[in-house]
Amino acid sequence: MSTAAVLDTACIFCKIIKGEIPSFKLIETKHSFSFLDIQPTADAHVLVIPKHHSAKMHQLPDEYLADILPVAKKLAIALDLTNESPEGVGYNILQNNGRIAHQVVDHVHFHLIPKRDDKTGLIVGWPSVDSDFDKLGKLHKELLAKLEGAK
Ligand code: 5GP
Ligand code: ZN
């Protein structure tokens with residue numbers, strides 16, 4: 001069953017979908033809309049958004065989520081980011097949820113950010129810690145129990 005699209009009159013991205021605010025539109029499908037980011041971190045930084053207003057990813061109906069990555073894939077190809085080597089040009093898909101996670105616009109959006117050099121595009125902080133297998137094992141058990149309960 002498909003979920004009827006809901007847009008929010010106060011939301012800037014809903015206004016872009018409706019054409020009330022102009023955008024440099026790229027691909028539009030039944031469920032998704034994509035356009036150039038207005039403050040790009042790299043040339044051809046693109047946003048792919050669902051044509052349904054949800055602030056965070058877990059609130060978005062699955063059919064909207066399922067449509068987004070194929071659109072991002074078409075854009076990555078069109079933007080000539082399909083370098084088959086691990087070295088050279090690449091790209092990041094970024095999706096932020098909540099202020100602490102750097103979300104500014106409260107309408108789900110996936111960034112497609114070309115990574116051509118060290119200075120432009122996404123720059124990541126990654127505070128990893130050494131493996132603690134006891135801790136990982138305990139967490140794994142807890143999560144499996146939760147996932148079993150969620151079935
Ligand atoms: P966030 O930090 O919420 O993940 O990213 C929001 C993104 O939306 C930012 O990269 C910002 O440049 C972009 N953005 C915000 N307002 C507009 C707008 O009115 N038009 C376009 N094209 N992009 C916008
Ligand atoms: Zn919205």
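When a ligand or atom number is given, it counts from 1 through the structure's own listing order. Positions are given from 1 along the sequence. Since we're looking at a predicted model, the values are computed, not measured.
Separating the CG atom in Asp37 from the CG atom in Leu47 is a distance of 4.0 Å, to the nearest 0.5 Å. Here the NE2-CG distance, from His52 to Leu60, works out to 6.0 Å after rounding to the nearest 0.5 Å.
A distance-only check finds no donor-acceptor pair linking the side chain of Glu28 to the backbone of Ser34 [under 3.5 Å]. Without hydrogens or angle criteria, Gln59 side chain to Ala55 main chain gives a donor-acceptor distance under 3.5 Å. At least one donor-acceptor pair closer than 3.5 Å links the side chain of Asn83 to the backbone N or O of Glu87.
Listing protein N, O or S atoms at distances below 2.8 Å from the Zn ion (ligand 2), with waters left out, gives Cys11 SG, Cys14 SG, His53 ND1, His107 ND1.
Applying the salt bridge (charged side-chain N to carboxylate O under 4.0 Å, His left out) rule to pairs touching residues 88-104 yields Arg99-Asp106, sequence neighbours excluded. Here ring pair (Phe, Tyr, Trp, His ring centres under 6.0 Å) pairs that include residues 30-50, with residues two or more places apart or in two chains, are Phe13-Phe35, His31-Tyr64, Phe33-Phe35, His45-His111.
Open room surrounds CD1 on Ile100; 12 or fewer heavy atoms of other groups in view lie less than 6.0 Å from it.
Screening Ile68, Ile17, Val105 against Ile49 for a side-chain contact (heavy atoms from CB on, under 4.5 Å) leaves a single residue, Ile17.
The protein residues lying under 4.0 angstrom from ligand 1, judged by non-hydrogen atoms, are Ile12, Phe13, Ile16, Phe35, Leu36, Asp37, Ile38, Gln39, Leu47, Asn96, His102, Gln103, Val104, Val105, His109, His111.
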